[in-house]
**Q** 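Could you have a look at this structure, given as structure tokens, before my questions?
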Protein chains: 2
Amino acid sequence: MVEDTEDVGEAVVGAFTRLGHAVDWQKTRAGSADALAVQDYALIVLDINLPDGSGFDLLAEIRSKGLQTPVLVLTARALVDDRVDALDTGADDYLVKPFDFRELEARARALLRRRQGSATTTLSAGNVVLDPRSRAVTLDGRPVELTRREIALLEILIGQPDRVFSKSDLLDQLYGFENEAGPNAIELYIGRLRKKLAGASAEIRTLRGMGYQIVVNKAPRA
Amino acid sequence: MVEDTEDVGEAVVGAFTRLGHAVDWQKTRAGSADALAVQDYALIVLDINLPDGSGFDLLAEIRSKGLQTPVLVLTARALVDDRVDALDTGADDYLVKPFDFRELEARARALLRRRQGSATTTLSAGNVVLDPRSRAVTLDGRPVELTRREIALLEILIGQPDRVFSKSDLLDQLYGFENEAGPNAIELYIGRLRKKLAGASAEIRTLRGMGYQIVVNKAPRA
DNA sequence: CCTCCCTTGACAGGTTGATGACAGCTAGCG
DNA sequence: CGCTAGCTGTCATCAACCTGTCAAGGGAGG
């Protein structure tokens with residue numbers, strides 16, 4: 001909470017505290033910058049008129065440092081241009097004084113809610129990661145270039161690590177019923193995958209006569 | 001865009017289209033639910049008064065299904081309780097009619113920005129910078145002249161660097177339901193972008209059979 | 001030592017993407 | 001109201017690369 005007006009600050013701090021949130025109340029731009037350098041906040045409520053500088057500058061500073069903390073701006077001026085500027089400077093929301101506390105609370109809830117989205121839907125084995133949505137594969141964070149078939153095959157294997165897939169299993173899943181391919185095709189792609197994933201902490205193992213499985217290497221204790 | 005009033009709808013659709021965004025305009029709650037089941041949107045602008053039900057119900061339905069698409073609610077009533085209800089039902093923002101289009105655009109930008117994960121107001125990859133507000137693109141600070149479609153395509157790619165976008169992903173985002181285009185259109189615009197961004201430290205790469213991605217070239221330490 | 005199965009290199013065919021030319025359309029302007 | 005300029009998207013052609021078969025060389029297990 002960055003706010004230099006006593007009564008507004010007290011009211012807001014009181015309201016959030018009653019809701020069970022911990023609040024730091026800073027009254028200057030400098031103090032706020034210091035606090036932000038030390039602490040990681042879930043939400044910043046920022047007044048624009050500060051004794052030692054504009055809240056806009058503080059906001060710009062925050063964003064230029066790459067901080068993604070949601071910011072809710074408070075101001076006394078209701079001009080449309082002010083709001084547009086605030087939002088384009090990197091604010092997430094905007095409220096004009098005087099405001100209703102219920103609305104402040106609601107907007108704060110909406111911003112906090114946003115935070116915890118984005119479930120991880122990626123498949124991984126060791127340092128090999130496959131994102132089925134973008135169909136991109138990375139090894140230690142570095143992108144690996146795979147072709148469509150190679151990714152399709154890897155996706156099957158990595159979806160159930162340690163499970164053994166017979167060649168006919170793989171053929172059925174990779175090709176429709178009609179356009180079957182020879183069993184060699186699988187062996188071929190296994191080879192190509194191994195080559196492209198060299199250096200990974202996961203390995204495609206052959207079980208003679210049974211099929212293939214992907215396994216994560218135990219720590220090489222080297 | 002969910003809105004049953006003709007003139008408001010036309011104005012908003014026109015504004016976003018001019019900015020290079022693809023817009024689907026639904027006039028009923030039922031139609032919107034159908035569209036949402038099929039398509040993945042970057043933003044939903046939702047009017048509350050609909051002929052076949054309340055927008056609140058649609059909003060609740062969206063959230064109950066786990067969809068995290070940002071929702072901006074439009075309404076004619078300025079009551080505080082309405083706003084609080086909207087935000088608590090899962091809306092991300094709220095605007096009272098009549099509103100200024102600049103503000104609608106700014107709020108839409110803020111919501112879209114948040115989804116991309118970056119809190120900063122400009123998108124960049126290497127020395128290529130895109131300012132969504134002015135829809136201007138610069139290369140090493142020098143302005144590059146791009147057309148609407150070119151900017152829209154670049155905006156998608158640069159919003160998530162390294163991510164691979166399939167051609168159908170791009171088609172869905174660039175064109176609404178109505179004016180679909182052939183896959184060649186994408187290839188064409190990729191080519192045009194590459195030509196206009198020649199010499200940049202970022203590059204649009206082709207992953208055959210999978211799609212396109214934008215990557216920043218590692219420093220050539222020359 | 002022998003057999004079967006896997007591995008790997010090379011190759012032909014087919015699919016996918018790149019590119020130049022062109023027509024429809026929109027918008028701005030006189 | 002008509003005209004021009006530029007944006008848009010389709011077609012056709014060509015190049016690049018993926019795909020899967022063949023065949024020849026290993027290696028594990030009996």
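A quick note: this is a predicted structure, and the numbers were derived from the prediction, not measured. FYI, side chains are in, hydrogens and waters are out, and symmetry mates aren't considered; it's all heavy atoms of this structure. Lettering of chains follows the sequences in order, A, B, ..., and the numbering in each one begins at 1.
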**Q** In chain order, what residues pass the side-chain hydrogen bond (donor to acceptor under 3.5 Å, both in side chains) check against A/R192, with sequence neighbours excluded?
**A** none

**Q** Tell me whether A/R63 contacts the main-chain N or O of A/L67 through its side chain, where contact means a donor paired with an acceptor under 3.5 Å.
**A** yes

**Q** With a 3.5 Å cut-off and sequence neighbours excluded, list the donor-acceptor pairs that the side chains of residues 36-49 of chain B form with protein atoms.
**A**
| from | atom 1 | to | atom 2 | distance (Å) |
| --- | --- | --- | --- | --- |
| B/Q39 | NE2 | B/D172 | O | 3.4 |
| B/Y41 | OH | B/D24 | OD2 | 2.7 |
| B/D47 | OD1 | B/K97 | NZ | 3.4 |

**Q** Rounded to whole Å, how long is the line connecting atom CD1 of A/I186 with atom P of D/dT21?
**A**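 Roughly 10 Å, once rounded to whole Å.
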
**Q** Check residues 4-20 of chain B and write down every donor-acceptor pair under 3.5 Å in which the side-chain atom is one partner and the other belongs to a residue at least two apart or another chain.
**A**
| from | atom 1 | to | atom 2 | distance (Å) |
| --- | --- | --- | --- | --- |
| B/T5 | OG1 | B/E3 | OE2 | 2.9 |
| B/E6 | OE2 | B/K27 | NZ | 2.9 |
| B/T17 | OG1 | B/V13 | O | 2.6 |

**Q** Take the C1' atoms of the five end pairs on each side of the helix from C/dC1-D/dG30 to C/dG30-D/dC1, get both axes, and report the angle to 10 degrees.
**A** 30°

**Q** Just grab all the side chain to side chain donor-acceptor pair (under 3.5 Å) pairs involving residues 101-111 of chain B, residues at least two apart or on different chains.
**A** A/D81-B/R102, A/R83-B/E103, A/D88-B/R109, A/D93-B/R107, B/D93-B/R107, B/D100-B/R102, B/E103-B/R107

**Q** Please encode protein proximity along nucleotides 2-19 of chain C as a string of B, S and -, counting only heavy-atom distances under 4.0 Å.
**A** --BBSBBS------BSB-

**Q** Would you say a side-chain N or O of B/T147 is under 4.0 Å from OP1 or OP2 of D/dG6?
**A**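 The answer is no; no side-chain N or O of B/T147 sits under 4.0 Å from OP1 or OP2.
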
**Q** In whole angstroms, how far is the C1' atom of D/dC17 from the CZ atom of A/R149?
**A** 15 Å

**Q** Which residue pairs satisfy the salt bridge (Lys or Arg N to Asp or Glu O under 4.0 Å) criterion with at least one member in residues 152-165 of chain A, sequence neighbours excluded?
**A** A/R135-A/E155, A/R163-A/D169

**Q** Could you pull out all residues at least two apart from B/D52 that satisfy side-chain hydrogen bond (donor to acceptor under 3.5 Å, both in side chains)?
**A** none

**Q** Let me know the distance between CG of B/L153 and P of D/dG9, rounded to the nearest Å.
**A** 11 Å

**Q** Where each residue is assigned the nucleotide of DNA chain D containing its nearest heavy atom, which of B/E150 and A/E145 is assigned the position nearer the 5′ end?
**A** B/E150

**Q** Measure from CG on A/L171 to P on D/dG20 and round the result to the nearest Å.
**A** 10 Å

**Q** Can you find a side chain N or O atom of A/Y175 that sits less than 4.0 Å from OP1 or OP2 on D/dG20?
**A**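 So the side chain of A/Y175 is within the cut-off, an N or O lying under 4.0 Å from OP1 or OP2 of D/dG20.
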
**Q** What residues, two or more places apart in sequence or in another chain, satisfy salt bridge (Lys or Arg N to Asp or Glu O under 4.0 Å) together with B/E203?
**A** none

